[in-house]
Amino acid sequence: MIHVTLPDGNKKAFEAVPTGKDVALRISEGLARNVVAMELDGTLVDLDTKIETDAAVRLITPKDPEALDVLRHTAAHVMAQAILRIYKDAKLTIGPVVEDGFYYDIDMAAISEDDFKKIEEEMRRIVKARLPIQRREVPKAEAMAFYQNEPYKREMISELADGTISFYEQGEFTDLCRGPHLPNTGFIKAFKLMKVSGAYWRADQSKAQLQRIYGTAFFDKKDLKDYLQFIEEAKKRNHRKIGAAMGLFSFHEEAPGMPFFHPKGMVLWNNLLAYWRAEHRRAGYVETKTPMMLNRSLWERSGHWENYRENMYTSRIDDVDYAIKPMNCPGGMLLFGSRPHSYKELPIRAAEIGLVHRHELSGVLNGLFRVRAFHQDDAHIFMTPEQIEPEILGVLRLVDRVYSTFGLSFHLELSTRPEKSIGTDEQWDVATRGLRSALDSYGRAYKINPGDGAFYGPKIDIHIKDALGRTWQCGTVQLDLSLPERFDLSYTGADNEKHRPIMIHRVVFGSIERFMGILIEHFAGKFPLWMAPVQVALLPINDELTTFTRSIQETFEDAGLTVMVDDRTESLNKKIREAQLSYVPLIVTVGNKEKESGTLSVRTLDGKVRYGIAKERFLDVVRRDVQSRKQALDLFDEEGGQD
RNA sequence: GCCGGCGUAGCUCACUCGGUAGAGCAGCUGAUUCGUAAUCAGCAGGUAGGCGGUUCAAAUCCGCCCGCCGGCUCCA
């Protein structure tokens, strides 16, 4: 008798050894048709796995999050099977599931996306045949014998322990695989090959170049459609396109990876930084600035000359080596060390908007997301060990306030001591405990990445989520056990002895360039009023109204607004269209009616128009919206008359 | 850096087999003076990313270089 316990606590008894399918059948036929895998005592396994002893079983249906991974793993096999049918001498390597789908690395002649159609057709045939999928466990010797002409698979098997080797079969296709898989290929209702790229066997450039073919798969055609739509939406929001269209920034061959900010981009930039400065002032920061170029002895002291040199722009001047800073910290250390400090001054929170240069590999550059020259909204906080917790907490609260202002949600990850690291156990213990208790008193859930810290200290990474649900790592809080040591920093304690300060590096935006790119995509160019590069477009209806419109412009600018007047001799419709396409949040048309009545007609980006707003009231509402940094305009919520 | 794709006017794109480039928008000029998403006409604009090669002839074919895009972290 086998007893199976279901997640709801229900028990089912079986006389003969059951499989997951049998368990499902006992519950309902509908479930049995749908179920794709099961969790057996906490381990995800195939549905037809025999349940030999009493066990806890959870049946996995397409609704469960794990199901998608199983599906995609099988889809990777289906793709490999199709490719082997078409390209006879292709050699399979590995084919894992990834975040949005799966890929398979295959040793074969280079293919392009044009070849996807025929591969997909073959895949469709395999899916339609509903080939049953069978697991088989074999001894190592047998596995090796099976793969006589498959060097990659042989290499993988040689690294596996005997007795753990399993194969999966569907039709004529067999693959070394841990599983689990779907019961048959027919469950794959929707799939698509996405892209192909080169990848090296074992990510090693000296080894064979493989074709990495990416695909995605879903249980439902609608899910695939939604996913493809999401990709389209993300493409539309591409910050490079929007940035060029709005005249925010550009890139030039003469300085690859180094953005040029145009006047409107600078307005946006300055708006962001004005806000940043206000928040930092409020949080007790002071602002500093250190030089962009420092000589070799500094970088030798910090360790960068030895460890980071290939990423630094260097130059020899008057027989001395200099490097453009790739990080702000060493300069910050000199600044702190420039005079003696008392414990009474601590904590010192020294912020610096630092322009750093890093020579990143040409192939990794990516718009504003990955550049070679960028500004960090850096700060170094020097403190006593007791101050770790409250200071970290302060940073977390600051981060929270800033991100919330942009409507970005976020989650936190704590990374602890890696194997290769400096410092004593005690130092790491104090540091890690400080971060942890700050996180605990902050009260939000966080994830722990054991061993993922920097070699010089533990850290908290902040991952934000944008309007499309994509996540980005921007902010980070890192404890540094190394630099205060290397720069021999100290403060005098109450005991009149010298003490080594604890130091944290932290950024909120991370890279201002990158953060701006994220905001452009997050808002799809439609920035909240307080940030917008142009807040108000004034559109005179005809040339006679230009002077009057200019006077309104003056009033608005005196009120602190960024205003653009479109006094070209063009049709009103055209001016509206263009203002709308460049995402100006408030479009104000100026005609004789307005001139006579002293009111305004305002159009917002959603196409709503409101007539007859008194100028003073308009300014009041707008000023309030700017000041409160609201996401959406308040103008239409006001009483006092639509039209 | 490596692999793949791409590079034609400021932008978006076209140019069947190799026969030395064309449109819309933007710009300029003129007319139009307009009430909530493109008024009309004319003009001007390109050493086809750069260099080299093949050819009677190259945007087109080949090579090198530069830049851009996607990927190179996910490991049966």
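Order of the sequence lines fixes the chain letters, A, B, ..., with proteins taken first and strands second; residue numbering starts at 1 for each chain.
The separation between A:E253 atom CD and B:G50 atom P is 10 Å, rounded to whole Å. Rounded to whole angstrom, the span from the CG atom of A:L572 across to the C1' atom of B:U33 amounts to 11 Å. In this structure, the CD1 atom of A:I242 is 14 Å from the P atom of B:U12, given to the nearest Å.
Checking B:A37, B:C34, B:A76 against every side-chain atom of A:I541, the shortest atom distance belongs to B:C34. Comparing B:A76, B:U36, B:G35 by their closest approach to the side chain of A:K593 singles out B:G35. Listed nucleotides B:C75, B:A37, B:U36 differ in distance to A:L581; the shortest reach to its side chain belongs to B:A37. Of the candidates B:C68, B:C34, B:A76, B:C34 carries the atom nearest the A:N542 side chain, counting heavy atoms from C-beta on. Checking B:C72, B:G1, B:A76 against every side-chain atom of A:Y214, the shortest atom distance belongs to B:C72. Of the candidate nucleotides B:A76, B:A37, B:C74, B:C74 has the atom nearest to the side chain of A:P96.
Here the separation of B:A38 from B:U73, taken at their P atoms, is 49 Å to the nearest Å.
Partners of A:N449 according to the side-chain hydrogen bond (donor to acceptor under 3.5 Å, both in side chains) rule, which considers only residues two or more places apart in sequence or in another chain, are A:E413.
Ring planes of A:Y227 and A:F218: tilted class, angle from 30 to 60°. Ring pair A:F369/A:H239 is tilted by interplanar angle, where 30° to 60° counts as tilted.
The aromatic ring centres of A:F102 and A:H73 sit 6.0 Å or more apart.
A:K574 has a side-chain polar atom (N or O) that falls below the 4.0 Å cut-off from OP1 or OP2 of B:A26.
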